[in-house]
Amino acid sequence: MPLHPADEDVTLCDASRRQFINQAGRGLLAVGVTGGLAAYAADEAQAAPGADAWPQQGPTDVKLPEIFANTEPKKGALPNPQPPEQRVGYAVVGLGHLTLEEILPAFADAKKARLVALVSGDADKMQKVARQYGVKPENCYSYQNYDKLKDNRDVEIIYIVLPNSMHEEYTIRGAKAGKHILCEKPMANSSKEAQRMIEACQKAGKKLMIAYRIQYEPMNRMVKDMARNQTYGKVKVIDAINCQNQGDPNQWRHKKALAGGGALPDIGLYCLNTARYILGEEPTEVYAQIHTTPNDPRFKEVEENVHFQLRFPSGAVANCATSYGAFNAKRYRVYAERGWFGMDPGFSYHGLQLERAHAPEPERHEVKEKPSITEKNQFALELDHMAECVRENKTPYTPGEEGLQDHRIMEAIYQSAKENKPVKISTAAAGKLDAFRGSAPSKDS
Ligand code: NAD
């Protein structure tokens with residue numbers, strides 16, 4: 001007798017099936033289920049090998065049969081995570097907002113990555129966080145003994161989530177300790193620092209990835225495909241905006257030495273990087289203006305508003321705006337010959353929404369659509385991509401070179417605003433598609 005009608009159809013390999021039934025049997029017995037079900041489970045439990053006889057190697061992927069007709073919205077595949085001991089171990093450096101709000105929780109959604117170690121300057125906070133996430137006390141490091149990660153074989157990747165000016169030092173020390181590096185955006189405070197980070201990782205033979213989460217997120221990837229496949233014809237214009245109204249003027253984001261700049265490197269970078277990603281091209285010219293409210297204590301050292309235009313070799317133009325003084329807006333839209341498509345919000349952590357408009361034949365009435373696509377945790381996708389690159393010896397999709405290119409362009413944006421004239425960007429890569437990107441994220445992510 002099947003436990004459930006669908007259970008009879010479960011497509012499992014024989015060994016996995018026995019394991020599943022064994023587990024089911026133990027679970028049912030444990031909760032004291034009586035009658036036929038329990039008898040069935042007990043029989044199977046006796047017939048199946050115990051947990052100590054389970055294979056410790058080999059595939060663990062499971063498949064389930066379809067429940068719904070193929071007219072229903074498509075569901076994603078089962079997560080099929082890797083067993084914990086096969087995952088790639090991470091140390092996370094810096095226990096601020098992004099780490100505690102997004103990155104550490106994202107390990108629960110990761111399939112190939114696991115949290116092993118923490119690094120912080122605040123021992124009391126680290127002790128609490130370590131207990132929350134089951135990190136062993138001996139795997140907790142300070143900024144001073146960070147280099148001792150060298151001796152921790154369980155850590156293969158260091159994820160740097162510190163103020164921007166600290167990315168260079170912790171990348172270089174991490175690579176010297178023999179670890180691969182995943183570094184938050186912006187990569188650094190300048191292209192010079194970014195270049196040194198790349199060189200240090202190359203010298204140590206370690207991988208370097210910049211955490212451009214948008215490039216791993218499924219809806220943004222779909223927009224990229226629509227642009228590159230010319231679903232609605234050639235792309236003519238991209239319009240992107242990223243704003244947030246900043247609070248405390250004393251936070252590091254308002255100190256030039258720690259942040260490198262204001263709205264541009266922090267949030268305007270999403271407009272810049274996403275336009276480059278959607279088109280796969282590199283801009284050849286920028287034109288920018290900066291406007292900052294006088295006497296606002298938040299903007300003594302860093303800029304408030306930046307408007308910039310990027311010109312691409314295909315003729316496409318991106319109009320971008322970013323502000324540290326305007327209400328939350330994180331959207332972009334791509335205008336092509338026969339339709340437009342984009343995301344609002346597009347740069348947020350959660351609740352992303354894809355929208356598109358076109359006028360299909362034969363009626364040619366304008367149709368506006370908001371396809372509902374299953375959301376995935378962008379941070380988990382990023383953690384898994386880097387883990388996969390380490391395991392399979394691949395170059396990350398967003399390597400250090402991708403971050404360096406953004407720094408070069410941001411420097412041209414500041415120069416253009418200062419000189420109030422367009423600035424040309426010369427790069428040998430201008431004509432190449434995805435000139436600075438590595439191996440594309442795998443289809444199962
Ligand atoms: P945060 O201020 O919340 O955390 C920074 C951490 O660094 C804190 O734990 C702080 O104690 C520590 N720190 C060490 N030395 C410091 C110093 N001298 N001054 C200030 N803090 C110091 O910042 P956050 O929002 O977590 O940002 C960290 C990094 O992550 C930044 O590079 C930021 O650009 C990036 N970030 C990325 C995203 C994204 O979506 N990918 C989102 C937010 C932040």
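Values below: every heavy atom of this structure, side chains too, minus hydrogens, waters and symmetry copies. Just follow the structure's listing: the first ligand is 1, and inside any ligand the first atom is 1.
Taking 4.0 Å as the cut-off between side-chain N and carboxylate O, Arg196 and Glu168 count as a salt-bridged pair.
For Glu184, every heavy-atom contact with ligand 1 shorter than 4.0 Å involves the side chain, none the backbone. The proximity of Phe347 to ligand 1, defined as any non-hydrogen pair under 4.0 Å, does not occur for either the backbone or the side chain. Heavy atoms of His167 found under 4.0 angstrom from ligand 1 belong exclusively to the side chain. Contacts with ligand 1 closer than 4.0 Å are made by side-chain heavy atoms of Lys125 only, the backbone lying farther away. Both the backbone and the side chain of Lys185 come within 4.0 Å of ligand 1, counting heavy atoms alone.
At a 3.5 angstrom cut-off on N or O pairs, Leu258 does not count as close to ligand 1. Between Gly96 and ligand 1, an N or O atom pair is found at a separation short of 3.5 Å.
Protein heavy atoms all stay at least 4.0 Å away from atom 10 (C) of ligand 1. Distance screen at 4.0 Å: atom 32 (O) of ligand 1 has a protein heavy-atom neighbour inside the cut-off.
Those atoms of ligand 1 that come under 4.0 Å of a heavy atom in Arg213, given as number and element, are 39 (C), 40 (O), 41 (N). In the vicinity of Met166, heavy-atom distances shorter than 4.0 Å reach the ligand 1 atoms 14 (C), 15 (N), 16 (C). Heavy-atom contacts of Leu95 reach the following atoms of ligand 1: 9 (O) (cutoff under 4.0 Å).
Remark: distances from the non-hydrogen atoms of Pro163 to ligand 1 include one below 4.0 Å. Using a 4.0 Å cutoff on heavy atoms, Tyr159 does not count as a contact of ligand 1. Taking a 4.0 Å cut-off on heavy atoms, Gln378 fails to register as neighbouring ligand 1. Residue contacts with ligand 1 leave out Gln251, since none of its heavy atoms falls under 4.0 Å from the ligand. At least one heavy atom of Tyr143 lies less than 4.0 angstrom from ligand 1. A heavy-atom separation below 4.0 Å is not found between Ser120 and ligand 1.
With no hydrogens or angles considered, no side-chain donor-acceptor pair links Gln405 and Glu401 at under 3.5 Å. The closest side-chain donor-acceptor pair between Asn377 and Arg213, if any, does not fall under 3.5 angstrom. Side-chain contact of Asp147 with Tyr141: a donor-acceptor pair under 3.5 Å is absent, judged by distance alone. Asn139 and Asn152 share a donor-acceptor pair across their side chains, judged by distance under 3.5 Å alone.
For Arg437, the side chain to side chain contact (heavy atoms under 4.5 Å, CB included) partners at least two apart in sequence or on another chain are Gln215, Arg228, Arg276, Tyr277, Tyr397, Glu402, Asp434.
Residue-environment remark: NZ (Lys418) stays at or below the threshold of 12 foreign heavy atoms within 6.0 Å. Atom CD of Glu392 is surrounded by more than 12 heavy atoms from other residues, nucleotides or ligands within 6.0 Å.
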Using residues 311-323 as the side-chain source, report each donor-acceptor pair under 3.5 Å to any protein atom, sequence neighbours left out, with the distance given to one decimal.
residue: Ser314; atom: OG; partner: Glu281; partner atom: OE1; Å: 3.2
residue: Ser314; atom: OG; partner: Glu281; partner atom: OE2; Å: 2.7
residue: Ser314; atom: OG; partner: Ala316; partner atom: N; Å: 3.4
residue: Asn319; atom: OD1; partner: Gln309; partner atom: NE2; Å: 3.2
residue: Thr322; atom: OG1; partner: Asn242; partner atom: O; Å: 2.8
residue: Thr322; atom: OG1; partner: Gly268; partner atom: N; Å: 3.2
residue: Ser323; atom: OG; partner: Asn305; partner atom: OD1; Å: 2.5
residue: Ser323; atom: OG; partner: Gly325; partner atom: N; Å: 2.9
residue: Ser323; atom: OG; partner: Ala326; partner atom: N; Å: 3.1

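The aromatic rings of His385 and Tyr216 sit tilted, their planes meeting at an angle between 30° and 60°. Note on ring orientation: taking the six-membered ring where Trp is involved, the planes of Tyr90 and Phe107 are perpendicular (angle over 60°, cut-offs 30° and 60°).
Proximity of a side-chain donor or acceptor of Asp384 to a complementary backbone N or O of Lys111 within less than 3.5 Å is detected.
Distances from atom 44 (C) of ligand 1 to the heavy atoms of Glu102, Lys255, Arg253 put Arg253 nearest.
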